[in-house]
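Heavy atoms only: backbone and side chains are in, while hydrogens, waters and symmetry mates are out. Order of the sequence lines fixes the chain letters, A, B, ..., with proteins taken first and strands second; residue numbering starts at 1 for each chain.
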Amino acid sequence: MAKLNINGKVRDVQAEPDTPLLWVIREIVGLTGTKYGCGVAQCGACSVHINGELQRSCSIPLSSVKAADKIVTIEGLSANSSHPVQKAWAAVDVPQCGYCQSGQIMAAAALLKKKPKPTDADIDEAMTNICRCGTYQRIREAVHQAAGNTRAADRATRRS
Amino acid sequence: MKKMIFGNGQRLSRRAFVVNSATAAGGFALGLNVPFVDALAHHGKASEHNATEVNLWVAIEPDDTCIIRIARSEMGQGTLTGLAQLVAEELECDWKKVETEGISPSRNLAAKRAWGEMGTGGSRGIRVSQDYVRRGGAAARMMLLQAAADQWKVPVGELSVADGIITHGNKKISYGKIAAAAAKLTPPDPKNIKLKDPKSWKIAGKPLKRLDTADKLNGSKVYAIDVKLPGMLNAAIRDAPVFGSKAVSFDDSKAAKMPGVRKVIKVKDTAVAVVADTWWHAKTALEAVDIKWDEGENAKVSNATIKERLREGLAATENNGERRNGDALGAIAGAAKKIEATYSTPFLSHACMEMMNATVKLSAGKAECWVPTQNLESSLAALSEASGIPLAQCEVHRHDLGGGFGRRGGTQDYVHQAVAIAKEFPDTPVKLIWSREEDQTHDFYRPISVCKMSAGLDDKGELVGLHVRSSGQSINAWLNPAGIQNGKDRRQLQGWYEEPGDAQLGYTVPNLLIEYVMRNTHVPVGPWRGVNTNQNAVYMECFIEECARAAGKDSLEFRRSLMKNHPKHLAVLNAAAEKGDWGKPLPAGVHRGIAQFMGYGSYSAATAEVSVDAKGKLKVHRMVLALNCGHPVNPGQIAAQAEGSVAYGLTATLYGEMLIDKGRVTNTNFDSYEIMRLAEMPKVETVIVPTYDFWGGVGEPTICVVAPAVLNAIHAATGKPVRELPLKNVKLV
Ligand code: FES
Ligand code: FES
């Protein structure tokens, strides 16, 4: 039995110590917003925050998470999708299929916490999650928007 | 996959249900071969809340919420929003009050397929349904107006309507108040339905926000992989690594004792699955099962042997599909200048972010399935066939997909597997999830091909003869043998056709010979976003570039000179060139490329700006994509699809290839099957140049011009053509 603090709630979870945190979150705690995409720390679909740090939960064994660690999943990022990143994601219409977007949003939120005014280079470096639908251009735009960065209206879309 | 004939279930006995793995046209599932009946008819009660069903496509709640029915699958491409816009436009309702409801395949079947085909592939979602969904919206509007006219005892022609409010003089009534009366009326004669001129559209044609975003932002969206059901078990599967081989035996003595394990099962002849309480337990235990495979001759196959076979096809003389005019070989032989080049493109996996999965529950006389699918009817058919339970007692629950790209159409292999597993656990839902490794190694891959191109130029540098000979694997041979007629598989010539409308070659060449020769392998193949257009566009557009350079002509001008008979292709090429600043100066070290092609009834062109540094490192800075899809329904979503096609197409260009060794795929996850990240995404500008005289697709057309535009820009940068993909294997300098 391990104790986990997820989204501000302490829960007892029963799982083998080597179970990846991703699968504890999805199958034992039952929060399915955190996604499985590769299982090998490549895609970022499983991204969560642990003590404010971005982590790929598929590659963190349960045994390495302490009861005092504060885990935040996409479900706990904000009430009513009110985090600036979520609002910007809606305003820019970022998601296509949406499957990768929990991870993208968690990554963007972590970036803005560290760098409230990220440059394009900061975004390139921080936003390394895979999106197969190819929403990268809108992710970049939405991160800038969430940061309140003023960019020339170079929205790369001509809407005729 | 073989063709399956259904005839079970009394209510279905009068018809034969032909379930095909793929259509000749789009490469996706046909579903059930039942005629599409009167789409305007009523069909029972609306399923939701207090909504009154006005007709099949529209139900209205007392608070004026308009529920628009959607039959096609949503996998990120935005078809749900686009289809709703088309209905809402004709309905004249308030867009802010629109909600959508997905139709289940059982409901469609019970209504004699009143909602039409559900297959979602071949970029058909909107172009094939637009007429009947718009008619559905228009018919509902006519009935609502008529009901108001009846109530007020005035001629219907004196009423006006906007945003779901009907007005006559001082009188006003909202759709929600009149829907019940409208639903009792006889639907209008289809002959009297007049659709709006697209020029007057107010909802359709506008870059409206998607309707399906909210639950993608907070983790609440339930994909099929997220389904939770009481008492549910979980399964992990390992199918034979060498395609076509068998599982002979397995030793589960270790796995059976591992935590949570319920059963280790052989699935058909080829796979072993572990069923456990959680998927993590199932997957961990599966790794401990010792499986003996009978790998056979296929275990000798590798990329090298496949390439050899394809090259042999180039040298052979027969063909399995051709197009010809004049005497290409003679014209090339007698030409002032001859050019020759051989190109190749590899197998590719789809790598949908949500891997293949299906949850199945089998009970006495009932089968249920929760699955991400591009063809709900094919899933239903697969569920029935695999379970032996009549179609009418099967139910497939709709879930939006975490990506599709052509992988989840007719084949339904994962549904067959999930049913085989669930048979061992009656009355218990079992969720089968493929690991990423399973997903990478058991795809229906984009086929491999090689193509030899030869051309002759006269002394003025004009193209007098062109010979194209492509040798590669056939999707039809794997999925839809009926699509091959008299040994000819014309689908492989996609984008090179003479006839207009779908995928016509935009060039006129006085002496032309295009040949396809079939060289199949044991690797399963299927449609992959853009299907054959991707490869055929690379071959044609990179070679036309080589010809232009050999002729000493500008790439754009050389193309234009071949396109006089193809004004639509030309207009899109010109739009890309203009927006892409063709001919204008670029920063030092940056070079431009251009390409055009046609597929899925739409015309595409692109320019790319790239630089290649002294070490051969490539950077794609900017791309402009131009598209004429006839009627743009949501320009914002069209741009999103164009942007997405750049990411999907560039990933393939830069990194995509399946490594086949000893008969199996050896690059099994994203560490070895690399996917492009945000940092490599160029700035993409989308230009839509609609002509409003046809309806073309959107999801697939633009991808095919991505690779050739970039490759032609690299050619401009380095002075050397690239003839082999992916680029990670090519030394650029
Ligand atoms: S699932 Fe964790 S990084 Fe891909
Ligand atoms: S939105 Fe589909 S994978 Fe990113």
Seminar exercise, completed: Answer key: most heavy-atom pairs under 4.5 Å with chain B among A:E125, A:R26, A:H83 is A:R26

Problem set entry | Audit row: A:I139, B:L678, side-chain contact (heavy atoms from CB on, under 4.5 Å) steps and yes/no | CA-CA 8 Å; A:I139 289 175; B:L678 178 143; 3.7 Å; yes

For this session: Below 4.5 Å from any heavy atom of chain A, which atoms of B:K228 appear? Answer side chain, backbone, both or neither.
Result: side chain

For this session: Report the distance from atom CG of B:N218 to atom OG1 of A:T73, rounding to the nearest 0.5 Å.
Result: 10.0 Å

Seminar exercise, completed: To the nearest 0.5 Å, atom CD1 of A:I74 lies from atom NZ of B:K216 at 13.5 Å

Problem set entry | Point-to-point distance, once rounded to the nearest 0.5 Å, from CH2 of B:W280 to CG of A:D18 | 7.5 Å

Problem set entry | Main-chain N/O of B:M676 paired with A:Y136 side-chain donor or acceptor, under 3.5 Å | yes

Problem set entry | Steps toward side-chain contact (heavy atoms from CB on, under 4.5 Å) verdict (B:E643, A:T135) | CA-CA 7 Å; B:E643 291 155 21; A:T135 61; over 6 Å; no

Exercise. Which distance, rounded to the nearest 0.5 Å, do you find between the CD of B:E674 and the CD1 of A:I130?
Worked result: 9.0 Å

For this session: Evaluate the side-chain proximity of A:C133 to B:F405: yes if any heavy-atom separation is below 4.5 Å, no if none is.
Result: yes

Seminar exercise, completed: Per side chain to side chain contact (heavy atoms under 4.5 Å, CB included), B:T213 is matched among A:V94, A:D93, A:V92 by A:D93

Problem set entry | Interface residues of residues 33-43 of chain A facing chain B - non-hydrogen atoms under 4.5 Å apart | A:G33, A:K35, A:Y36, A:G37, A:C38, A:V40, A:Q42, A:C43

Problem set entry | Contact listing (chain B partner; residues 95-106 of chain A; heavy atom under 4.5 Å) | A:P95, A:Q96, A:C97, A:G98, A:Y99, A:Q101, A:S102, A:I105

For this session: Let me know if B:L80 has heavy atoms under 4.5 Å from chain A in its side chain, its backbone, both or neither.
Result: neither

Problem set entry | B:I225 portion near chain A, given a 4.5 angstrom heavy-atom threshold | both

Exercise. How long is the gap from CZ on A:R132 to CZ on B:R529, to the nearest 0.5 Å?
Worked result: 9.5 Å

Exercise. Should the pair A:D124-B:R677 be classified as a salt bridge under the 4.0 Å nitrogen-to-oxygen rule?
Worked result: no

For this session: Just give me the residue among A:M127, A:E75, A:E16 that pairs up with chain B most often, heavy atom to heavy atom, under 4.5 Å.
Result: A:E16

